[in-house]
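Notes for the one structure printed next.
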Amino acid sequence: MKKIAIFASGNGSNAEHISRYFFQKDSAEVHLILTNNPNAGVLARAEDLNISAVVFNREEFSGSDKINDLLLAAEIDFIVLAGFLWLVPLNILRAFRNKIVNIHPALLPKYGGKGMYGSRVHEAVIASGDSKSGITIHYVNEKYDDGQIIFQAEVAVKPTDTADRLAAKIHELEHAYFPVVIEEVVEKL
Ligand code: GRF
């Protein structure tokens, strides 16, 4: 049974979908949920799911080995970023090479990079007049939204779509595909 750790900074709907998906699987389980945000909705979800949660600050995450050591001590096999807003530091990237994936709510390489998160992404897509958006699941490296792409799925952007409406459609795609893609990648470890 592979052990997955999920990092999330906010609401955590993806973290919950992924956790529940693996409740029914023998291949892997979500062992730990970690957040930089003590007020993140993901913490209440972790409690409901009965999954251990860890809150950390910047020093613990990227100024020391504290979180890396915690991941190694917990024998984590794979890391998922699901709405996590900080860059992953080199010590964790080295310890988990090709074992960290992120989801981005647009079709990378468009609409990615520093500052492109949350509703800003959907507002930029709508302002551009693009007729489609989607999700991108990719490996994580030392830059924002830059690692090798594993999977993309598209959704039409309608002229009547607001950023909120587009975000809701994207969330549906994320919930449908992210757990399955994680399973496929973890199976190959
Ligand atoms: C998702 O849209 C994800 O693509 C982005 O942040 C959002 C997180 O949503 N990186 P949630 O916290 O999982 O509900």
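Side chains included, hydrogens not; waters and symmetry mates left out as well; all remaining heavy atoms used. Just so it is clear, the structure is predicted and the values come from calculations on it, not from any experiment. Note that ligands are numbered from 1 as they come in the structure, with each ligand's atoms numbered from 1 the same way.
- Between H104 and ligand 1, no N or O atom pair is found at a separation short of 3.5 Å.
- Between N14 and ligand 1, at least one pair of N/O atoms sits closer than 3.5 Å.
- By the 30° and 60° cut-offs, the orientation of the rings of H17 relative to H175 is parallel.
- The aromatic rings of W86 and F56 stand perpendicular to each other, their planes meeting at an angle above 60°, with 30° marking the opposite boundary.
- Residues Y117 and S9 bring no donor and acceptor atom of their side chains to less than 3.5 Å of each other.
- Residue contact check: S13 has heavy atoms under 4.0 Å from atoms 11 (P), 12 (O), 13 (O), 14 (O) of ligand 1.
- Put simply, the side chain of F96 reaches to within 4.5 Å of the side chain of I76, judged on heavy atoms.
- When side chains are defined from C-beta on, L34 counts as touching L71, because their heavy atoms get closer than 4.5 Å.
- Under the 4.0 angstrom criterion for non-hydrogen atoms, I170 is not in contact with ligand 1.
- Using a 4.0 Å cut-off between a side-chain N of Lys or Arg and a carboxylate O of Asp or Glu, R20 and E16 qualify as a salt bridge.
- Near G83, meaning under 4.0 Å from one of its heavy atoms, ligand 1 places the atoms 5 (C), 6 (O), 8 (C), 10 (N).
- Residue E174 has at least one heavy-atom neighbour below 4.0 Å for each of these atoms of ligand 1: 1 (C), 2 (O), 3 (C), 4 (O).
- Inclusion of I103 in the set of residues having an N or O under 3.5 Å from an N or O of ligand 1 is warranted.
- Nearest protein heavy-atom contact of atom 9 (O) of ligand 1 is H171 NE2, 3.1 Å.
- With respect to atom 12 (O) of ligand 1, the closest heavy atom belonging to the protein is G12 N, 2.7 Å.
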